[in-house]
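Shown next, in structure tokens, is the structure this report addresses.
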Amino acid sequence: AQSVSQHNHHVILSEAASLELGCNYSYGGTVNLFWYVQYPGQHLQLLLKYFSGDPLVKGIKGFEAEFIKSKFSFNLRKPSVQWSDTAEYFCAVNAGNNRKLIWGLGTSLAVNP
Amino acid sequence: GAGVSQSPSNKVTEKGKDVELRCDPISGHTALYWYRQRLGQGLEFLIYFQGNSAPDKSGLPSDRFSAERTGESVSTLTIQRTQQEDSAVYLCASSLGSAGSQETQYFGPGTRLLVL
């Protein structure tokens, strides 16, 4: 069965620190990869997604993620975090033409001012 | 334009009662999805609608769970004879429906269900 692993459950950073959140998936075929974010009191919203082309994708608010097929990974990065990045971050995958998303457990990020 | 809306925002019920959860997708979105998130767990897929039909209902955990969609719009998720393990946040999402599995799914605020 497909699964998604997010390695960091809780991350605490100071402002201006760099961020990298890990995401690995288990599926050998074609995948579409997503990072969603949930800010406190708000809905889940898309940060970025990858389905083909350049494996380095850029999203909103300065976030980017790199798809490394050989490592089954799609890590999220941001060079310099801000207090407003405090949120829950979710990695999700769907396989081929299957619309259902398989989700990681999420990473709670707290950025101290 | 309006986003995905869900009602009620919170529901407390007694074990054994039936509950109905409602989702209003973004206007024009033909695809609609239900997920649930139990405490400490990731989101679990429940069912997907394309128009009024459900090509994938593989995530419904038991026959106590059912969902319908009418008019290619509103969807209702019904849980019969609720159990304490049904306590969760139930999330609805919608997407355009024309671009397949690569589409962004837009989420509503969720319904927090507590079964006592």
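Naming: A, B, ... by sequence-line order, numbering from 1 per chain. These numbers come from a predicted model, not from an experiment.
- With a 4.5 angstrom heavy-atom cutoff, Tyr50(A) does not touch chain B via any of its atoms.
- When heavy atoms are compared at a cutoff of 4.5 Å, Ile47(B) does not approach chain A at all.
- Looking at Gln37(B), the atoms closer than 4.5 Å to chain A (heavy atoms on both sides) all sit in the side chain, from C-beta outward.
- Within 6.0 Å of CD1 in Ile12(A) there are 12 or fewer heavy atoms belonging to other residues, nucleotides or ligands.
- The closest side-chain heavy-atom distance from Leu101(A) to Tyr35(B) is below 4.5 Å.
- Within a 6.0 Å radius of NZ in Lys49(A), more than 12 heavy atoms belonging to other residues, nucleotides or ligands are found.
- Asn97(A) CG to Gln102(B) CD: the interatomic distance, rounded to the nearest 0.5 Å, is 8.5 Å.
- Panel note: side chain Tyr48(B), backbone Asn98(A); no donor-acceptor pair is recorded below 3.5 Å.
- Taking a 6.0 Å sphere around CD of Glu85(B), one finds it holds more than 12 heavy atoms contributed by other residues, nucleotides or ligands.
- For Glu103(B), the parts lying under 4.5 angstrom from a heavy atom of chain A are both the backbone and the side chain.
- Arg99(A) places a side-chain N or O within 3.5 Å of a backbone atom of Gly97(B) that can act as its donor or acceptor partner.
- When heavy atoms are compared at a cutoff of 4.5 Å, Lys100(A) approaches chain B by way of both its backbone and its side chain.
- Hydrophobic clustering places Leu44(A) together with Val89(B) (ILVMFWY residues linked when any side-chain heavy atoms are closer than 4.5 Å, directly or through intermediates).
- With respect to Phe107(B), the ring pair (Phe, Tyr, Trp, His ring centres under 6.0 Å) criterion is satisfied by exactly one of Tyr36(A), Phe90(A), Phe34(A): Tyr36(A).
- By number of non-hydrogen pairs under 4.5 angstrom with chain A, the leading residue of Gly40(B), Gly100(B), Pro55(B), Gly42(B) is Gly100(B).
- For a residue to count as touching a neighbouring chain, one of its non-hydrogen atoms must lie under 4.5 Å from one of that chain's; by this rule Ala93(B) does not touch chain A.
- With a 6.0 Å radius and a threshold of 12 heavy atoms from other residues, nucleotides or ligands, Ile60(A) has its CD1 atom above the threshold.
- Close approach to chain B, defined as a heavy atom under 4.5 Å from one of its heavy atoms, is seen in Trp103(A), Gly104(A), Leu105(A) of residues 102-113 of chain A, taken by number.
- Interatomic distance, His43(A) NE2 to Ser5(B) OG, rounded to the nearest 0.5 Å: 9.0 Å.
- At a threshold of 4.5 Å between side-chain heavy atoms, the hydrophobic network of Ile, Leu, Val, Met, Phe, Trp and Tyr places Leu43(B) and Tyr106(B) in two separate groups.
- For a residue to count as touching a neighbouring chain, one of its non-hydrogen atoms must lie under 4.5 Å from one of that chain's; by this rule Leu46(A) touches chain B with the side chain only.
- Cluster annotation: Phe51(A) is not connected to Phe67(A) through the hydrophobic network of ILVMFWY side chains, with a link wherever side-chain heavy atoms come within less than 4.5 Å.
- Clustering ILVMFWY residues whenever any of their side-chain heavy atoms sit less than 4.5 angstrom apart, transitively, puts Leu91(B) in a cluster other than the one holding Val115(B).
- Linking ILVMFWY side-chain heavy atoms closer than 4.5 Å, directly or via other members, places Phe45(B) and Val4(A) in two distinct hydrophobic clusters.
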